[in-house]
2 protein chains.
Amino acid sequence: MSAETTARPKARAKKRTNDPEGMRKKVLDVAEEAFQARGYHASSMGDLMATAGVTGGALHHHFATKKALALAVIEERVAAAVEETWIAPVRRAGSAREGVRAVFAAVAAELEQQGFVRGCPLNNLAHELSLADPDFRIALADIFSAWRQAIADKIRADQQAGREQGTDPQRFAALAVATYSGAMSMAKTAQDTRVLRDCLMALEQGVTRRRRRILHKAP
Amino acid sequence: MSAETTARPKARAKKRTNDPEGMRKKVLDVAEEAFQARGYHASSMGDLMATAGVTGGALHHHFATKKALALAVIEERVAAAVEETWIAPVRRAGSAREGVRAVFAAVAAELEQQGFVRGCPLNNLAHELSLADPDFRIALADIFSAWRQAIADKIRADQQAGREQGTDPQRFAALAVATYSGAMSMAKTAQDTRVLRDCLMALEQGVTRRRRRILHKAP
DNA sequence: TCAAAAACAGGACAGTCATCCTGTTTTACA
DNA sequence: TGTAAAACAGGATGACTGTCCTGTTTTTGA
């Protein structure tokens, strides 16, 4: 804990391997992709080793067990993905509703041009792992929680600006995340993004409530 | 195809085993439960045999492969579960909105007294299997489709009775199913049903739109 | 009653799985 | 430069996995 080593832990030279971050990053990349595409149980350590071009010794050095690897994927990658595609955009948006709408539309557009739907990384892993192991479950629940928290906070910010007076922040956030997650489930199963559009339009119609049409924009 | 056997295929005597439906039913029971609780890949054939009290030969006689077993669970059990807990109640309900609300509330209440959340059977299997195999995917997508269809049909029935004029049946159905599925995902991950209640109340508030409060009930 | 088919028993099989082991190489730091 | 730790190589291992096979029992239909 205490730094008694003459107080100069400066790095002398950077690594000069071809891989700037080492093999840990490469393994995480491959594992994230595989867990997303095929799931945890369907992705074998052997497959991951082969695809990452990494030997068993190397993999085991960085991640002692498969569970440790998955936990790292969840905490480092899945959490970051939710932060990047949802939390940050909502924070930046003009309002909570506009943020939710924009993310919904952006994801739908991206999937449409991509041609196939692999589903939400958080949801995919949550379904497979949250009942299998308490550590998995808690890590995944925390991400869901932060996701809803960010949307609820945005509603509260809107309310401090005089808007959204009749909206319950927690309930709105729960509805937004649930609708997105469920719509992605169906889109993945049907391999069709139309249900995403349907949900977005139903949300806009229904949840925007009495406002018939907004002709003025926020500064 | 043609019945040329003197046209008398009458059954002579019923089975007199202790199990009225035979072992096929027992295997399906155990598999349905296991796939729901632990998932497809995490449930081994050996486990299923042991829990069902069935030998390998018997299991293989009724279901040649694990995939065949899972397909049977999906088509016979999961579809029936959706029909029983969602489609039939919605059809019986006074209106589409009331039906959706009632099912949502009933499931939430049931889970609250049950103490833990295992999630929606359809969603659980859909996430794990829909990308793994086209046969799985199509079977699961059909169930989702029938589910939404039933809700959309109910909206159309409401509309023929003069109600729900401004509601798009398909979009409303997509929103209802997506919200439920997503809420169940979160409830399962958090092992907490509060998010289900939040989603239900947000749906009631938002989607019911201009109607502030309904003081009169349908006959 | 009798043959054929279905239902079931129980183990064999080859393959895969995650993990762990002992070496060797590379890096960090004094 | 010397040394200890970290990073990596590559195979060994034993426990499962799903499937299939050969018998035996029970049921079916005429």
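Labels below follow one simple rule: chain letters A, B, ... track the order of the sequence lines, proteins then strands, and each chain is numbered from 1.
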Which residue lies more 5' along DNA chain D, comparing B/Ala42 with A/His61 via nearest heavy atoms: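 Its nearest nucleotide being more 5', the pick is A/His61.
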B/Asp47-B/Ser44 side chain donor-acceptor pair, cut-off 3.5 Å: yes
Is it true that [X] and [Y] make a salt bridge, defined as a side-chain N closer than 4.0 Å to a carboxylate O?
X        : Y        : result
A/Glu128 : A/Arg38  : no
B/Arg197 : B/Glu112 : yes
A/Arg97  : A/Asp158 : no

Nearest listed nucleotide, side chain of B/His62, among C/dA7, D/dG18, C/dA18: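 Within the option list, the nearest is C/dA7.
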Nearest whole Å is fine: how far is [N] [atom2] from [X] [atom1]?
X        : N      : atom1 : atom2 : answer
B/Phe63  : D/dC20 : CZ    : P     : 16 Å
A/Asp133 : C/dA18 : CG    : P     : 15 Å
A/Leu71  : C/dA18 : CG    : C1'   : 17 Å
A/Leu59  : C/dC20 : CG    : P     : 13 Å
B/Met49  : D/dC20 : CE    : P     : 15 Å
B/Met23  : C/dA6  : CE    : P     : 18 Å
B/Lys25  : C/dA7  : NZ    : C1'   : 18 Å
B/Tyr40  : D/dG18 : OH    : C1'   : 9 Å

Sugar-phosphate, base or nothing in reach of B/Thr55, heavy atoms under 4.0 Å: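 Touches a base.
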Whether B/Trp86 and B/Trp147 hold their rings parallel, tilted or perpendicular, with breakpoints at 30° and 60°: tilted
Any B/His60 side-chain nitrogen or oxygen under 4.0 Å from OP1 or OP2 of D/dC21: no
Whichever of A/Gly46 and B/Ala58 has its nearest DNA chain C nucleotide further upstream toward 5': B/Ala58
5′-ward residue of the pair B/Gly57/A/Gly56 relative to DNA chain C: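 Whichever sits nearer the 5' end wins; that is B/Gly57.
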